[in-house]
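Numbered from 1 within each chain, the chains take letters A, B, ... in sequence-line order. These numbers come from the heavy atoms of this one structure, side chains and all, not from hydrogens, waters or symmetry mates. The structure displayed is predicted, hence computed values, not measured ones.
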2 protein chains.
Amino acid sequence: MAKTAGKTQDLGGAKGAQLSRELLIKEAARLFAEKGYNKTNMRELAEAVGMKAGSIFYHFKNKDEILQAVMHKAITLLVANVQSSIGDATTPMERLRVLVRMELGVYLGEDADYGMVLIHEWRSLPESLQEELLVMRSNYESYWDTTLANCQQEGIIKANPKIVRRMLNGAFSWAIYWYQPEGEFSFEQLVDEVMAMLVVG
Amino acid sequence: MAKTAGKTQDLGGAKGAQLSRELLIKEAARLFAEKGYNKTNMRELAEAVGMKAGSIFYHFKNKDEILQAVMHKAITLLVANVQSSIGDATTPMERLRVLVRMELGVYLGEDADYGMVLIHEWRSLPESLQEELLVMRSNYESYWDTTLANCQQEGIIKANPKIVRRMLNGAFSWAIYWYQPEGEFSFEQLVDEVMAMLVVG
DNA sequence: TATGCTACCTAACGCTTGTTAGAATTTCAA
DNA sequence: TTGAAATTCTAACAAGCGTTAGGTAGCATA
């Protein structure tokens, strides 16, 4: 998959820096999610993308910036998904359901690796590299805040919107560790249960 | 604090292995919570307890077993607290509130370091050392399961008890990262808000 | 064909780390 | 007081790590 042709050796520049960079981010997300950031070394990541460890530093200044790129993509996914799906809903209750389904979808679906890294490796990222991500994240969270505030105004939820948002944040990220798609509950059932947990009446 | 007398030098064995071991667990919990398991090295931990790195291995076989000991204490705290407080409540609703207050108290109170490590460093612990802890944890979780099941029977909550338990697990552990005791909400207000979020009507 | 840029490789450096063996010191019972 | 057991120190090893400098092969332009 990482090899361009049938040959094992793929010497010399070929596929363009952009593609290699994206592949690195993708494989890094997979490895960081599976083994953790600290226990994934550059040689391992290099092998996963079909190059040698030293070559990675042509694309990234250091290991931390790879982690940053992975997290950047994670938040980008969240923001992109919320923007493309929030328009489908009109009432606050519907928007809440859309948000629940969307965030759980990012954490539990095919992009789960990115969500895993975003949640679990936050403290592995030096503070100097956190700033941009924090801005993006608070932008994303504003969708939640306004929706939950509207829900409270209509009496759909009773608790404080800010607290509910924080709690859901944790609850959903934790789902990575226990939810099994082949298990007792389908994804849509999970969404239903969350809504049943939140909404009064 | 780690020094027995005013002297900086405190050579030789003195205070007994039990005390040193407990101090090591305590300081390890603090450091692991603050900096993370991987970024805390033995020399740092040793300095925190007033000994040299090599001496730690008289009390623990390796670094992993220190992490295990910290987590063991964390679960022990949870189990001890639930057993001593659950008796105060009679109705399912009261028991639920007791559990909420108790778990949040462990995560946010003076023993927060242990909870932090238990939650955040689970994947740093080799699987071979997880077994005992998993048994203890599932024992602890059974208190939640029965209480939530009773709440559902009485119509206090609507969603599936198992899912609710998982969600609260994540929600509460996440609170470590955002809750500030000096902030907008007092601890008891936080408990109230959680109950308002969960309970129908 | 010559030139320069792009993308990758090779080989190694230097630092940190967990861990260990053996010596040294303290404690405590006899 | 003496001797053994308990506890800590010293000093170093060996392995793994991120990172770097310099070399090399392919490709585009002229």
Side-chain angles (χ1 to χ4, degrees), chain A residues 2-5 7-28 31-32 35-70 121 124-126 128-129, chain B residues 2-25 27-28 31-32 35-70 121 124-126 128-129:
Chain A
K3 307 294 161 36
T4 301
K7 292 290 195 61
T8 300
Q9 301 257 4
D10 188 15
L11 298 175
K15 47 198 167 192
Q18 187 67 17
L19 288 179
S20 288
R21 192 187 151 92
E22 284 171 8
L23 186 57
L24 274 168
I25 294 175
K26 178 180 172 182
E27 292 300 298
L31 288 169
F32 293 170
K35 316 183 46 180
Y37 177 69
N38 275 286
K39 292 186 177 170
T40 304
N41 60 40
M42 303 299 278
R43 291 159 178 85
E44 219 171 344
L45 173 58
E47 196 181 12
V49 302
M51 54 169 69
K52 301 293 174 157
S55 310
I56 299 179
F57 293 89
Y58 178 80
H59 302 277
F60 294 92
K61 261 173 58 186
N62 49 44
K63 191 185 177 188
D64 287 335
E65 292 206 345
I66 303 179
L67 178 58
Q68 190 194 33
V70 171
E121 302 292 351
S124 302
L125 192 67
S128 57
L129 298 182
Chain B
K3 307 293 164 28
T4 301
K7 292 291 194 64
T8 300
Q9 301 256 4
D10 188 14
L11 299 174
K15 45 200 167 193
Q18 186 67 17
L19 288 179
S20 289
R21 191 187 151 92
E22 283 171 9
L23 185 57
L24 275 167
I25 294 176
E27 291 300 298
L31 289 169
F32 293 170
K35 316 184 43 179
Y37 177 69
N38 277 287
K39 292 185 176 170
T40 305
N41 60 41
M42 304 299 276
R43 289 160 180 85
E44 219 170 346
L45 173 59
E47 195 181 13
V49 302
M51 54 168 68
K52 302 292 174 156
S55 310
I56 299 179
F57 294 89
Y58 177 79
H59 301 278
F60 295 92
K61 261 172 60 187
N62 49 44
K63 191 185 177 189
D64 287 335
E65 292 206 345
I66 303 179
L67 178 59
Q68 190 195 32
V70 171
E121 302 293 350
S124 302
L125 192 68
S128 57
L129 298 182

Below the 4.0 Å mark, does [N] have OP1 or OP2 next to a side-chain nitrogen or oxygen of [X]?
X	N	value
S20(A)	dA7(C)	no
N41(A)	dC17(D)	yes
Y58(B)	dT8(D)	no

Would you mind reading off the distance between [X] atom [atom1] and [N] atom [atom2], rounded to a whole angstrom?
X	N	atom1	atom2	answer
F60(B)	dT7(D)	CZ	C1'	15 Å
K52(A)	dA25(D)	NZ	P	15 Å
M51(B)	dG18(C)	CE	P	16 Å
I56(A)	dA7(C)	CD1	P	16 Å
K39(B)	dG18(C)	NZ	C1'	18 Å
E44(B)	dT16(C)	CD	P	12 Å
Q18(A)	dT6(C)	CD	P	14 Å
L31(A)	dC17(D)	CG	C1'	16 Å

Query raised in the report: With a cut-off of 6.0 Å (strictly less than), are more than 12 heavy atoms of other residues, nucleotides or ligands near NZ of K35(B)?
Result: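 Yes, NZ of K35(B) has more than 12 neighbouring heavy atoms, counting only those of other groups under 6.0 Å.
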Query - Sequence neighbours excluded, every pair satisfying ring-ring contact (aromatic ring centres under 6.0 Å, His included) that has a member inside residues 44-70 of chain A - result: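 Residue pairs passing ring-ring contact (aromatic ring centres under 6.0 Å, His included), neighbours aside: none found.
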Which atom names give the shortest non-hydrogen contact between [X] and [Y], and what distance separates them?
X	Y	answer
A53(B)	A46(B)	N-CB, 3.4 Å
S124(B)	K39(A)	O-NZ, 3.6 Å
E27(B)	V49(B)	CG-CG1, 3.6 Å

Enumerate all atom pairs, one protein N or O and one N or O from nucleotides 19-24 of chain C, separated by less than 3.5 Å.
from, atom 1, to, atom 2, distance (Å)
dT19(C), OP2, K63(B), N, 2.8

Query raised in the report: Do you know which of L24(A), L45(A), I25(A) makes side chain to side chain contact (heavy atoms under 4.5 Å, CB included) with I66(A)?
Result: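 In the set L24(A), L45(A), I25(A), the residue that makes a side chain to side chain contact (heavy atoms under 4.5 Å, CB included) with I66(A) is L45(A).
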Query raised in the report: Counting N and O atoms only, with roles assigned by atom type, does the side chain of T40(B) sit under 3.5 Å from a partner on the main chain of G36(B), one being a donor and the other an acceptor?
Result: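 Checking the backbone N and O of G36(B) against the side chain of T40(B), a donor-acceptor pair under 3.5 Å is found.
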